Structures are given as C-alpha cells and as structure tokens.
Amino acid sequence: MSTPAPHATADGPHPAAGLKRRWPTVLAVAVVALNVAASGSQDLADAVGGYGETLPLLPLIYLMVNQLGEPRFTWPVLGAGLVAVFGLAAQDTVALSTVLVGLAAILLLWGAVRGTPHGRAVLGVQAGGAVLFCGLALAGLAVDADLGRYLVAAGWFLHGVWDFVHLWRDKVVSRTFAEWCGVIDVLVAAQLLFLA
C-alpha cells in the first residue's frame with residue numbers, strides 16, 4: 001500500500017498546492033480587499049480621481065520593463081513605481097497622472113531613438129497600449145465622475161485583459177506580475193462600477 005505524497009491528499013492534490021501556484025492571484029485579491037476595507041465608503045469622485053491618476057502607472061511599468069529587456073526587473077520596477085506614486089501624491093504641484101504620462105512619453109521617445117531590446121514591433125504594441133490606457137485615464141479625469149467612472153473602469157479592465165494576454169504569451173513582463181496585475185485590474189474595474 002502506497003501513501004500519498006506530502007503535497008497530495010487521498011483525493012488528489014492538496015489545496016495548499018493550488019494556492020502556492022496561484023500566489024499572485026491570492027496576493028491580488030488580498031491587496032484589493034485591504035484597499036476596499038481601508039477606503040470604506042469612498043466617494044465616487046475620489047475613487048475616480050485616485051484610480052484615474054494611478055492608471056497611467058500600468059503601461060509605464062510595461063514600457064520600462066520593455067526598455068530594460070528583462071522580465072526579471074518587473075517587480076523592482078513596480079516597487080519603484082509605487083514609491084514614486086506615493087511620493088508624487090504627497091505633493092500638490094503637479095498632478096500624478098501628468099507626471100506618469102510624461103514619463104511614458106519619455107520612455108517611448110527613448111525606445112524610438114535608441115531602439116528596444118524586443119524590437120520596434122513590440123515597442124509599437126506597448127506604445128499603442130500606453131496611448132489607450134493613458135488616454136482613458138486622462139479622459140476619465142476630465143469629465144464628471146459619473147462618466148469618468150466608466151472611462152477609468154474601462155481602462156483598468158482593458159489593462160487586465162492586456163495583462164492576461166501578456167501572461168498567455170509570456171512576453172515583456174514576468175508571468176507572476178502579469179497574473180497579479182490582471183486580477184487587480186479587473187477587481188478595481190468592478191469596484192468602480194459598483195460604487196454608489
């Protein structure tokens with residue numbers, strides 16, 4: 001009589017093995033749950049403003065990692081991006097979205113002039129994504145909160161699709177980041193749609 005492996009039960013794989021494999025999803029759900037709990041009953045205008053200001057960070061991460069040419073830099077780039085976001089949010093001089101869109105434009109110019117490790121076609125795809133997501137963010141911030149909610153939610157949702165395509169293709173960013181970011185993006189979009 002054989003005994004099951006330590007990672008399995010008599011009925012199949014141990015549930016913890018699935019959680020270990022899907023840690024980016026578990027972490028994403030936890031991050032969004034903590035954010036929802038911390039923000040409580042957030043005002044619609046504040047939510048649209050906050051998520052609209054932050055949305056350009058998402059394509060900026062892809063652009064930076066693309067220019068660095070190594071998916072292993074994804075998580076450190078995210079860390080630096082979050083530090084920058086919180087630092088910029090603390091000042092009142094320049095809107096966070098303006099700085100992030102400006103940085104994205106600089107990275108696109110850098111790639112166009114100096115080249116990119118993954119080639120011009122990949123840079124073109126990343127540029128298209130940056131224009132789409134930054135455009136939705138800026139449009140959502142420019143209109144009233146009721147309409148802005150749908151524009152910003154569309155940006156977050158479509159970036160989630162973007163993440164899952166990159167996860168499936170295993171391109172540009174690390175797979176763990178693409179999974180984590182995709183789950184967060186879809187949950188943020190849903191949160192925006194269901195705010196009262």
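Nothing fancy with the numbering, it's 1 onward along the sequence. Every value quoted in this text rests on a predicted model; they were computed, and no experiment measured them. Just the heavy atoms: all of them, side chains too, but no hydrogens, waters or symmetry mates, feed the values below.
The distance from atom CD of Glu179 to atom CG of Leu27, rounded to the nearest 0.5 Å, is 10.0 Å. Rounded to the nearest 0.5 Å, atoms CG (Asp46) and CG (Leu195) are 10.5 Å apart. To the nearest 0.5 angstrom, Leu58 atom CG is 9.5 Å from Leu100 atom CG. Note that OG of Ser97 and CG of Leu57 are 12.0 Å apart. Values are rounded to the nearest 0.5 Å. If you take CG on Leu158 and CG on Leu55, they are separated by 9.5 Å, rounding to the nearest 0.5 Å. To the nearest 0.5 Å, atom CD of residue Glu53 and atom OG1 of residue Thr98 are 7.0 Å apart.
Contact annotation: the side chain of Pro117 never approaches that of Glu70 to less than 4.5 Å [non-hydrogen atoms, C-beta and beyond]. Side-chain contact between Asn66 and His118 is present, with at least one heavy-atom pair separated by less than 4.5 Å. Using a 4.5 Å heavy-atom threshold, the side chains of Asn35 and Gln191 count as touching. Side-chain contact between Arg175 and His166 is absent, with no heavy atoms from C-beta onward closer than 4.5 Å. Looking only at side-chain heavy atoms (C-beta outward), Leu192 and Tyr150 stay at 4.5 Å or farther from each other. Annotation: side chain of Asp185 is in contact with side chain of Cys181 (closest heavy-atom distance under 4.5 Å). Counting only heavy atoms from C-beta outward, the side chains of Val152 and Leu136 never approach each other to under 4.5 Å. Val183 places a side-chain heavy atom less than 4.5 Å from the side chain of Phe164.
The side-chain contact (heavy atoms from CB on, under 4.5 Å) with Leu63 is formed by just one residue from the set Val77, Thr116, Leu108; it is Leu108.
In the hydrophobic clustering of ILVMFWY residues, with side-chain heavy atoms under 4.5 Å counting as a link, Val131 and Leu151 come out apart. Taken together through direct or relayed side-chain contacts under 4.5 Å among Ile, Leu, Val, Met, Phe, Trp and Tyr, Leu78 and Val101 form parts of separate hydrophobic clusters. Grouping the Ile, Leu, Val, Met, Phe, Trp and Tyr side chains by contacts below 4.5 angstrom, directly or via other members, places Val173 with Trp23. Under the 4.5 Å side-chain heavy-atom criterion for grouping Ile, Leu, Val, Met, Phe, Trp and Tyr, Leu88 is connected to Leu107 within one hydrophobic cluster. Val143 and Leu96 end up in the same hydrophobic cluster when Ile, Leu, Val, Met, Phe, Trp and Tyr side chains are linked at under 4.5 Å.
Taking both residues in full, the closest heavy atoms of Gly52 and Ala137 are given as O-CB, 3.4 Å, listed atom of the first, atom of the second, then distance. The minimum heavy-atom distance between Leu123 and Gly111, with the atom names listed, is CD2-C, 3.4 Å.
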- Message: Assess the residue pair Thr176 and Trp75 against the criterion (side-chain hydrogen bond (donor to acceptor under 3.5 Å, both in side chains)); give the C-alpha distance rounded to whole Å, side-chain angles, the decisive distance to 0.1 Å, and a yes or no.
- Response: CA-CA 9 Å; Thr176 55; Trp75 288 99; 2.9 Å; yes
- Message: Let's go through Phe133 and Trp156 carefully: what are the C-alpha distance in whole Å and the side-chain angles of both, what is the deciding distance for ring pair (Phe, Tyr, Trp, His ring centres under 6.0 Å) to 0.1 Å, and is it a yes or a no?
- Response: CA-CA 8 Å; Phe133 303 122; Trp156 281 85; 9.9 Å; no
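The number of heavy atoms from other shown groups lying within 6.0 Å of CZ (Phe177) is above 12.
Looking only at atom types and distance, the side chain of Tyr62 has a donor-acceptor partner in the side chain of Asp163 under 3.5 Å away.
Arg149 places no side-chain N or O within donor-acceptor distance of the main-chain N or O of Ala47, the cut-off being under 3.5 Å. Checking side-chain atoms of Ser174 against main-chain N and O of Thr74 turns up no donor-acceptor pair under 3.5 Å. The backbone N or O of Tyr51 sits nowhere less than 3.5 Å from a side-chain atom of Thr54 that would complete a donor-acceptor pair.
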